[in-house]
Every structure is written in C-alpha cells, then in structure tokens.
Undergrad: 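Starting off with a structure, shown below.
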Amino acid sequence: MALFRQWPVHVAFLILFCIALQSQSSAPSPAAPASQKQAQSQDSQNKASQDQEKSTAEDKPQKVYESATVLKTVTRLVVIDVVVTDNKGAPISDLTEDNFTLLEDGKPQKIRVFNFQHPTRDQTPAAQQASLKLPPNVFSNIPRYDIHNTLNVVLLDALNTTRVNQIYVRDQMLKYLEKMPADQPIAVYALTTKLRILQDFTTDPAILKNLVKNLNSKGSPLLSDPTGNGEAPLYSPGVFESLPQQMQQAIIGFEQESTDAQTDIRVSYTLSALKAIARNLAGYPGRKNLIWLSEAFPLSIDPTMDLDGAGFSNASTRDYGPDIAQTADALMNAQVAVYPVDAQGLVGSSFFSASNNGTDKFGRSVTRGGRMAQTMSNESTGRFANHGTMQDLAERTGGKAFYNRNDLDAAIGHSIDDGSTYYTLAYYPENKSWDGKFRKISVKVNHSGAKVRHRLGYFASDPRGALDPKTRDKLFSEALDLDFPVSTGLLFEAGVVQPSTKTENKLLINFAVDPHALTFDRKDDGLQHASVGCAVHIYSEKGKHVRTEVSGINAALKPDTFRRVMLDRFPCQDKIELAPGNYILRLGVIDNATGLLGTANAKITVLPSAPETATTKPQGSQQ
C-alpha cells in the first residue's frame, strides 16, 4: 500500500494512527491494485445508495464489478450470479436486463446492477500472476492473481473418499488436463484432516499435470473402509452368532456409536474446510466455481440450508443446523458456487461385488435373516442421501451436481464451462427487516427455452448488526490457525518493526486495513464508529504454536477524518515481546461488527534489540 512505500513502517503507522485520532494526515497515494478496485467499487456503491434513497423513476442499473465482500457487508446489496442455458445446455449470451425478473420471497425487486460475464482471452499471459511488490518486512493478503476469467477450485477430498476412488479421481483429472483449454485459471486444494492448497491459481496445464501425477493417495482415518476393498470382518463366521443375544446387541450398539462418532468428526472437518475455502476466496471479485471431488457427503440440508440429520444412523448425535447455515452463507457471500462430483462413478450394490465374501462385518451370512435385503436397502438409502445432499448443496449455491457417471473428466470440464458464463444481478432488498431469517430468491427469464440456475437465497442478517461474540471469536481463532489457508475477506498490509529502544524492545506489527469493507456506524454524536480487532498467532519456525497476541481499536471519527480514512487505510497495532529467533506469524484483522476477516502469513527473524547510542555532533558543525 502507498503509505508503506513512502515512509518507514513505524512512521506510516503513526501517521495512520493520527488520522484515526482526528489529527492531520498527508495526502493519499495510489493503493495496491486489488484494494484500488475495491475503493473504486465503493464509489459506485455510494452512488447506488444515493439512488436508492432518491427512489427516482430514472434510476438506472450500475455497470460495476464490485467484490462480494464489499457488496454484502457495506451496502446490503444482494448479489446473484445467474447461469442461463438453452435446452441443449449451451449458454444464452444475448440477454439484457429487460429479460430478467428478480423476486425475493415472491416480491419483485429492482435490479441495481446488471453485468454479463464470459471467458476472455488475455492478451498478456505473462501478467496473469500479478506482481505485488512489497517493501521488506511488509506482508499482505491482497490476492496476487490478475483476474480476467472465472476462477475454478478443484477440491480433492481424501477425508471422505476411499483410496480406490482417490486413484480413479487422479486418473480422471489427468485425462481432463490433457484437453484443458488455455487461459483457464485453476487452483487445487486437498482435504484430509487438514485443508491444504496444493497449487495456487495457474493456467499452465503442465504444472497441474505434474502435481496430479505426484499425488499420493492416503486412506482416511475416519472411514470404516478407507481402502475401498471392503471392511475386514470383526469375527470369524459363526463366532459372533454364538455369543449371547444381549452381548450381540451391545457390540452392535458400540460399533454404531463408533461410526456415528467418526461421522461427527468428518462433518466437523468438512464444514471447517468449506468455510476456510470461502474465507480464502472472499477477496477475489466475481464468481468462483468449487469442484468438489468426493465419495461421501456426510451432510443433509433442508430448503433453508439447515441440516435435518437425515443420512445419519443416529440423528440425535448433534444438531448441525447452525454450522451448516453459517457454512452455506459464507460460501454464498464469497460468490462460491459448488459443483459436487461423486468420485464413486456409477456403482451397483456391494452384494454383487467380487470382493464380497458372503458375510457382514460381524461374520454373519448376508443371505440369512433378511440381511441381504437390508444390506441392499441400506446401501441404496446411503447413496440416495449422498446424492440428495450433493444436489441440495449445488442448488443452494448456484452450482450443479454430477453423480451416477464414470466420465469424471467430462464432469470437471462441464463444471468449469458451466460456471464461466453467467449474468450478475444485484439489488437492495425491499424488506428492510434484518431478522436473520432465510429469504428465497427466484429469477425468471422471458426467453424461449431458457433454463435458469442461481443460488436460492440468503440469510437476512443485518450487515451492520452485532455478531455473536462467541461465534466471532471462534471464526477468528480458526482463521488464525496455520493449518488453514489465508483469508481475503478483509484486505490489509502489515509492517513488522524490529525491537528497539524506541519500540520498548518489542516487535511491532502495524496493520493498515482497507476501510471499504469495514462497518462504520454513524451514531447520535455525529461520529463514525468502527471496531476492528487485530491479532497475531505466533509459531516457531517448525510450526509449533507459541502463543497469541490480540489487540484492537475502537474509532470515533469526525466527518473530515472519516473521509480521509476512506481514501487511505484504517490502522491497528500489536506489540509482541519475543526472544530473538525465527518465527512464523499468522497475522489477522477482523471487523468486530460483522465478523468479516483477513489473514496473512509472515516468516520473520527477530533480531536482538540494539542498545541506543548517543548521537555526537561532528567537529566543526554549526548549531
């Protein structure tokens, strides 16, 4: 950012801090590319907000390209990405705003933003990886990829997929990459018990091929059959049935509880991963397609994105409703459309598999006591629940589900193509009651044969309302974990100042936050109030957590100061007492009102504090 490029970091922070205290500041300088786009989009939003207040008949939609973060948090503008295809599945690209009717809970809404997005050929491929050059000891979470096409993320889910199907997915990925179109940005994530970014966005098929070829399939520790070759029997044939009936029931109950516990953990890991992906992609403007390659989806969602427990053998294990609602809302707010792809392909009953030895896990014959019918029924119910969840999750976020097919390479390609051509619509809800309830959105197109897909709604939480502190702290703590990718919902730069006598022998972290995504509330005192937290998760150079330092700032800005801050950056500072050595820092900032946050990583070496030396006047100098 401009301030860090003109002055030493500690001076930059003091200037920013004075701004917050309604003191004088220097003239603003050009911002970093990603932040500049958000600043420009804020101007468009302010104009749109003024248009809304005037409610004049001559209001016309803005043609703008704001990020989902700014739109959702600052102006209550609801953004909808709409995929429109013909009867053959080809995109319809000649529609205008007049072809669309937008409704919320059945009531018409005025379209304020209308754009058509489609793949374009970049004339300067070398510029795809944007060069964000930062001064020494300055770190940032500003996205470095120069966006000109829809971004695609492939999630390889080893947590919920057997090794056999992981290998199949890898082969199908390679098959797709052989015919991958040029100029198609793809990133690859992997989910085990942790979420990792294997490859950031690239359009180079060679890089992706090399990555996929060298992937090692790992068995999930939370699947009863991690290899996919059938569960090993717990008892030899006849042994289990020779036990007393009461003992048999106790053993079956224990095994069921163990399965429920594993499922519970898988759900927790899966939801955390999806939320982390949403946080990681939030700072990228426009639609992002999440292609989720997985065998089993341990979730079940109702029409308002709440989990109803279906698909679990013990529905009372845990109420996932709030977690699912929070995850779905995070994905939708980040404009992430989910494209689940069933890694199993087209499968039949395991009863007819060559690996079936005719007994169940307890060594009982599957042909006796009605077990054959029960086994086939259970498998059918499980597949139906998985596919239903895939379909629900895709529909809720505006994506598309693929299952009962072996050509996973074609499913990957279709997912990318489907999410690359779309219309962006946005509106200010007529209903100003921010009660947190789910509101259903429907879009109609008056074009013959048109088929429409988009996310089904949003939660009407007040963008300026208070977030539950426990929920906020939990989200922030998770985002600060080094095991998760960085978050880009709230963009910032942070300068690190080495310990010295001037810093009281402490390491200073000076944050400069993009103010356009922060929530400012004008109160009766006429001042603009905002509350921002900043934190540092400290790790040793080997990744062991040392401790966490948290601070924050509550600002009350006069109008002139507020305008200057909006043209520049919002400050926050952490002071850390650290022994000399090498560290990894996870830096984080959060808007305490909304929970919008950003994180970045910093590898630093803390130097010993140098003693202050007296300055002597050279001989012959003048006073």
Undergrad: Any idea which heavy atoms bring N289 and S420 closest together, and the distance?
TA: ND2-N, 4.1 Å
Undergrad: Quick one: does any side-chain atom of Y423 pair with a main-chain N or O of L95 as donor and acceptor, under 3.5 Å?
TA: yes
Undergrad: Enter the distance from I207:CD1 to L177:CG here, rounded to the nearest 0.5 Å.
TA: 11.5 Å
Undergrad: Between V443 and T101, is a side chain to side chain contact (heavy atoms under 4.5 Å, CB included) present by the stated rule, with each step listed?
TA: CA-CA 6 Å; V443 178; T101 301; over 6 Å; no
Undergrad: To the nearest 0.5 angstrom, please state how far the CZ atom of F459 sits from the CG atom of N333.
TA: 10.0 Å
Undergrad: With a 4.0 Å cut-off, would you call K440 and D105 a salt bridge?
TA: no
Undergrad: Checking the side chain of S487 only, and the main-chain atoms of N280 only, is there a donor and an acceptor separated by less than 3.5 Å?
TA: no
Undergrad: Just verifying a value: how many Å separate Y427 OH and I111 CD1, rounded to the nearest 0.5 Å?
TA: 11.0 Å
Undergrad: Which of these passes side-chain contact (heavy atoms from CB on, under 4.5 Å) with Q184: T202, T150, D417?
TA: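 The residue from T202, T150, D417 that satisfies side-chain contact (heavy atoms from CB on, under 4.5 Å) with Q184 turns out to be D417.
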Undergrad: Do K110 and E430 meet the salt-bridge criterion of a basic N to acidic O distance under 4.0 Å?
TA: no
Undergrad: The criterion is side chain to side chain contact (heavy atoms under 4.5 Å, CB included); which residues satisfy it with A394, sequence neighbours excluded?
TA: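 Only P340, A401 meet the side chain to side chain contact (heavy atoms under 4.5 Å, CB included) criterion with A394.
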Undergrad: If you define the side chain from C-beta out and look only at heavy atoms, does anything of K288 sit under 4.5 Å from N152?
TA: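 Result no, sub-4.5 Å side-chain heavy-atom pair not found.
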Undergrad: Under 3.5 Å, is there a donor-acceptor pair between the Y428 and R112 side chains?
TA: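 Their side chains do not contain a donor-acceptor pair, so the 3.5 Å distance test is not met.
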Undergrad: For T548 and H537, does a side-chain donor sit closer than 3.5 Å to a side-chain acceptor?
TA: yes
Undergrad: Checking S140 side chain against E493 main chain: does a donor-acceptor pair fall under 3.5 Å?
TA: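 No, the answer is negative, given that no donor and acceptor are paired below the 3.5 Å cut-off.
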Undergrad: Just by modelled atom types, is the P429 backbone N or O under 3.5 Å from a matching donor or acceptor in the K432 side chain?
TA: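 Yes; at least one donor-acceptor contact below 3.5 Å.
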Undergrad: Do you know which two heavy atoms are closest between T397 and M332, and how far apart they sit?
TA: CG2-CG, 4.3 Å
Undergrad: Start with the C-alpha distance between N592 and R472, add both sets of side-chain angles, then the distance that settles side chain to side chain contact (heavy atoms under 4.5 Å, CB included), and finish with yes or no.
TA: CA-CA 7 Å; N592 290 324; R472 180 193 65 206; 3.7 Å; yes
Undergrad: Indicate yes or no: at least one non-hydrogen side-chain atom of I416 is less than 4.5 angstrom from one of Y176.
TA: yes
Undergrad: Side chains of R266 and L223: closer than 4.5 Å at any heavy-atom pair?
TA: yes
Undergrad: Can you check side chain to side chain contact (heavy atoms under 4.5 Å, CB included) on L156 and V169, steps first, answer last?
TA: CA-CA 8 Å; L156 303 175; V169 165; 3.9 Å; yes
Undergrad: Find the distance between CD (Q166) and OG1 (T161) and round it off to the nearest 0.5 Å.
TA: 6.0 Å
Undergrad: Would you confirm whether R586, through its side chain, and D481, through its main-chain N or O, come within 3.5 Å as a donor-acceptor pair?
TA: yes
Undergrad: Do the side chain of S272 and the main chain of S268 share a donor and acceptor less than 3.5 angstrom apart?
TA: yes
Undergrad: Less than 3.5 Å apart, any donor N or O on the side chain of N141 or T488 sitting next to an acceptor on the other?
TA: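 Looking only at side-chain atoms, T488 and N141 do not form any donor-acceptor pair under 3.5 Å.
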Undergrad: If only atom types and distance count, is the side chain of R170 paired as donor or acceptor with the main-chain N or O of L215 below 3.5 Å?
TA: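 Answer holds: yes.
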Undergrad: Nearest 0.5 Å please: distance from the CG atom of D392 over to the CE atom of M390.
TA: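 CE of M390 is found 11.0 Å from CG of D392.
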Undergrad: According to side chain to side chain contact (heavy atoms under 4.5 Å, CB included), who are the partners of P226, at least two apart in sequence or on a separate chain?
TA: none
Undergrad: Name the residue from D157, L198, V153, L290 that meets the side-chain contact (heavy atoms from CB on, under 4.5 Å) definition with Y189.
TA: V153
Undergrad: Could you tell me whether the side chain of N160 reaches within less than 4.5 Å of the side chain of E295, counting heavy atoms only?
TA: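 A side-chain contact under 4.5 Å is absent here.
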Undergrad: Please name the pair of heavy atoms, one in Y458 and one in I441, separated by the smallest distance, quoted to 0.1 Å.
TA: CD2-CD1, 3.8 Å
Undergrad: Quick one: are D81 and H454 in side-chain contact, heavy atoms under 4.5 Å?
TA: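 Not touching, per the 4.5 Å side-chain cut-off.
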Undergrad: Using the test side chain to side chain donor-acceptor pair (under 3.5 Å), find all partners of R196 that sit at least two apart in sequence or belong to another chain.
TA: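 So R196 forms no side chain to side chain donor-acceptor pair (under 3.5 Å) with any residue.
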Undergrad: Measure across M180 and T203 and return the closest heavy-atom pair with its distance rounded to 0.1 Å.
TA: CE-O, 4.1 Å
Undergrad: Which atom pair, heavy atoms only, marks the closest approach of D591 to A517?
TA: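 Closest heavy-atom pair between D591 and A517: OD2-O, 4.0 Å.
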Undergrad: Which atom names give the shortest non-hydrogen contact between A276 and F484, and what distance separates them?
TA: CB-CD2, 3.4 Å
Undergrad: Could you grab the distance from atom CG of N115 to atom CD of E97, nearest 0.5 Å is fine?
TA: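 Separation between the atoms: 11.0 Å.
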Undergrad: What do the steps show when you test L585 against N601 for side chain to side chain contact (heavy atoms under 4.5 Å, CB included), and what is the final call?
TA: CA-CA 6 Å; L585 307 181; N601 294 334; over 6 Å; no
Undergrad: F511 and F570: ring pair (Phe, Tyr, Trp, His ring centres under 6.0 Å), yes or no, with the steps?
TA: CA-CA 8 Å; F511 295 86; F570 188 95; over 10 Å; no
Undergrad: Quick one: do D418 and R453 make a salt bridge, cutoff under 4.0 Å?
TA: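 R453 and D418: salt-bridged.
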Undergrad: Just so I know, are the side chains of T421 and Q117 near enough to count as touching, which here means a heavy-atom distance under 4.5 Å?
TA: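 With C-beta onward as the side chain, the pair stays apart.
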Undergrad: For a 4.5 angstrom cut-off between non-hydrogen side-chain atoms, does Y422 reach R287?
TA: yes
Undergrad: Is the ring pair F402/H414 parallel, tilted or perpendicular, if the boundaries are 30 and 60 degrees?
TA: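 Aromatic pair F402/H414 classed perpendicular.
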Undergrad: Taking the side chain as everything from C-beta on, heavy atoms only, tell me whether L490 gets closer than 4.5 Å to D514.
TA: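 When only atoms from C-beta onward are counted, D514 and L490 do not touch, as no gap falls below 4.5 Å.
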Undergrad: Go through the steps to decide whether R279 and E478 satisfy the test salt bridge (charged side-chain N to carboxylate O under 4.0 Å, His left out), and finish with yes or no.
TA: CA-CA 11 Å; R279 293 194 301 264; E478 187 176 85; 3.3 Å; yes
